[in-house]
Amino acid sequence: MAATIKDVCRVTGLSQGTVSKYLNNKPVSQKNCEKIRAAIEELGYQVNSIARGLRTNSAHTIGILIPDMGNILSTAIIETVESMLTMQQYSSIICFHHSDPSLELEKLEFLMSRQVDGLIIMPSEKSQRDGFERLVETSHRGLPIIIFNAIIPGLNCDTVMIDNYQATYTAVKQAFSAGHHNIGLVVASPDTQPTLERIKGYEQAYLDEGLTINKNYIQVCKTPGKTASYNACLDFFLRYKKVTAVIATGYRTVLGCKKAIDDMLLKENRNILLIGFDCGDIADILSPKISYVHFPSKVVAKNIVMLLMKRINEEAASEPCHLNIPTTYVANDKILEE
């Protein structure tokens with residue numbers, strides 16, 4: 001028979017109230033903490049999280065809704081977030097919407113049915129453009145929501161963004177410093193906040209350099225992914241022969257652009273500089289090695305969890321917090337020479 005809280009009380013000699021405080025993360029003396037921990041280990045006692053949720057109106061569970069695990073950035077962030085939530089004695093339920101708005105709504109409803117204490121969401125492109133009415137309704141009910149690297153129209157909640165503007169601005173300026181002045185920009189997910197910020201950063205770098213912006217050098221893929229990036233990039237290179245460098249603003253975009261650059265080298269013996277975003281795990285094994293903008297996934301995760309715990313524990317609602325996390329540029333000097 002499974003051990004119960006009464007068994008823990010019997011072994012420790014403590015009241016049920018004291019043991020309950022410990023199990024619900026409330027202050028208990030260090031001496032009693034040690035007694036309870038020892039008894040739990042000895043008895044193999046496990047908390048019934050469902051029953052505790054009914055008593056405390058808290059499931060100690062966080063819902064996470066992201067596109068998929070193929071997104072390297074989201075994978076790295078969610079891995080750290082899940083670990084940090086465990087340290088806070090919260091479990092997590094991770095769902096994928098695969099950029100499908102109907103599936104996104106279905107998964108949100110599922111998470112709500114699990115009575116989660118908060119939500120961490122990387123929304124679909126459509127939700128970023130057109131809004132997510134059900135999520136807005138959810139936020140009005142007071143459920144803590146953290147949106148990562150996106151803005152949803154009509155949703156007034158905490159956001160944690162990568163500094164997409166500065167990341168792209170820095171990448172373009174680095175290409176300038178290496179003697180490149182005809183630089184392509186390949187982005188995905190049109191009309192979303194990250195894409196718009198990246199385009200602004202690209203254009204501002206040109207303006208600050210005193211150069212004319214060629215709008216044709218900005219390639220916006222309608223769908224994210226390696227194949228879309230490859231097709232857009234190859235067509236781009238074939239039409240604009242003066243381009244000597246390209247900035248690929250995503251992991252799968254880097255893969256597509258790299259393949260297009262390799263094909264151009266074979267077809268026309270044309271070397272093109274590639275600067276990637278968030279591709280540190282492959283930058284050193286590509287030939288040639290590439291420079292890239294590094295996204296600090298652990299810093300992002302820490303801020304997401306910090307904001308979420310603040311919202312869960314605060315007694316009165318405060319104004320939403322909008323964090324913009326800076327990136328770093330990792331240079332490979334060998335390829336920054338035209």
Side-chain angles (χ1 to χ4, degrees), residues 71-73 76 149 162-189 194-209 211 213-221 224-226 228-237 240-265 270-297 325-338:
N71 184 312
I72 298 299
L73 177 60
N149 209 33
I162 294 293
D163 193 340
N164 294 286
Y165 172 92
Q166 190 63 41
T168 312
Y169 180 91
T170 299
V172 176
K173 294 291 280 188
Q174 289 290 335
F176 285 154
S177 69
H180 298 270
H181 295 96
N182 293 289
I183 305 164
L185 177 71
V186 182
V187 294
S189 307
T195 293
L196 295 174
E197 289 298 312
R198 289 166 182 173
I199 292 173
K200 286 180 183 177
Y202 172 90
E203 293 179 341
Q204 191 60 52
Y206 263 88
L207 293 173
D208 290 351
E209 198 72 12
L211 297 173
I213 300 168
N214 187 336
K215 296 284 188 178
N216 293 320
Y217 288 176
I218 302 173
Q219 293 287 299
V220 182
C221 302
K226 177 182 173 181
S229 299
Y230 169 78
N231 292 332
C233 205
L234 190 62
D235 177 66
F236 173 66
F237 292 147
Y240 304 107
K241 303 293 184 179
K242 290 183 179 181
V243 171
T244 61
V246 64
I247 297 168
T249 61
Y251 185 88
R252 283 179 284 193
T253 306
V254 169
L255 297 178
C257 289
K258 174 60 177 162
K259 186 176 187 303
I261 288 171
D262 288 347
D263 286 354
M264 289 304 301
L265 182 61
R270 181 177 166 194
N271 283 305
I272 299 169
L273 169 69
L274 174 63
I275 297 176
F277 272 31
D278 197 42
C279 56
D281 60 332
I282 61 170
D284 288 341
I285 62 175
L286 293 176
S287 181
K289 297 178 181 180
I290 69 170
S291 296
Y292 63 97
V293 175
H294 171 65
F295 292 172
S297 59
I325 308 299
T327 60
T328 53
Y329 185 81
V330 181
N332 184 320
D333 293 336
K334 291 182 180 179
I335 60 89
L336 281 180
E337 296 174 1
E338 187 175 9

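Starting from 1, each residue takes its place in the sequence as its number. The model shown is predicted, which means the values in this text are computed figures rather than measured ones.
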>> Less than 4.5 Å apart, side chain to side chain, heavy atoms only: is that true for Ser229 and Leu255?
In response: no
>> Has Thr249 got a side-chain atom pairing as donor or acceptor with Val186's backbone, closer than 3.5 angstrom?
In response: yes
> Roughly how far, to the nearest 0.5 Å, is CZ of Phe277 from CD1 of Ile247?
Replying inline: 6.5 Å
> Hey, is the main chain of Tyr251 close enough, under 3.5 Å, to the side chain of Lys226 for a donor-acceptor pair?
Replying inline: no
> Does atom NZ of Lys242 have more than 12 heavy-atom neighbours from other groups under 6.0 Å away?
Replying inline: no
> Backbone N or O of Ile162 within a donor-acceptor pair of the Asn149 side chain at under 3.5 Å?
Replying inline: yes
>> Quick one, Arg198 with Tyr165, criterion side chain to side chain contact (heavy atoms under 4.5 Å, CB included). Give me CA distance, side-chain angles, the key distance, then yes/no.
In response: CA-CA 5 Å; Arg198 289 166 182 173; Tyr165 172 92; over 6 Å; no
>> A side-chain contact here means heavy atoms from C-beta on lying under 4.5 Å apart; do Val220 and Ile199 qualify?
In response: yes
> Who passes salt bridge (Lys or Arg N to Asp or Glu O under 4.0 Å) against Asp284, sequence neighbours left out?
Replying inline: none
> Can you list the steps and then say if Asp263 with Tyr230 is a side-chain hydrogen bond (donor to acceptor under 3.5 Å, both in side chains)?
Replying inline: CA-CA 10 Å; Asp263 286 354; Tyr230 169 78; 2.5 Å; yes
> Can we say Glu197 and Lys200 salt-bridge, meaning some charged N sits less than 4.0 Å from an Asp/Glu carboxylate O?
Replying inline: yes
> Going through the checks in order, is the side-chain hydrogen bond (donor to acceptor under 3.5 Å, both in side chains) test met by Asp208 and Tyr169?
Replying inline: CA-CA 10 Å; Asp208 290 351; Tyr169 180 91; 2.7 Å; yes
> Does Thr195 use its side chain to pair, donor to acceptor, with the backbone of Ala188 at less than 3.5 Å?
Replying inline: yes
>> In the structure I gave you, are the side-chain heavy atoms of Tyr292 and Val254 within less than 4.5 Å of one another anywhere?
In response: no
>> Donor-acceptor pair, distance only, cut-off 3.5 Å: does the side chain of Tyr202 make one with the backbone of Ile183?
In response: yes
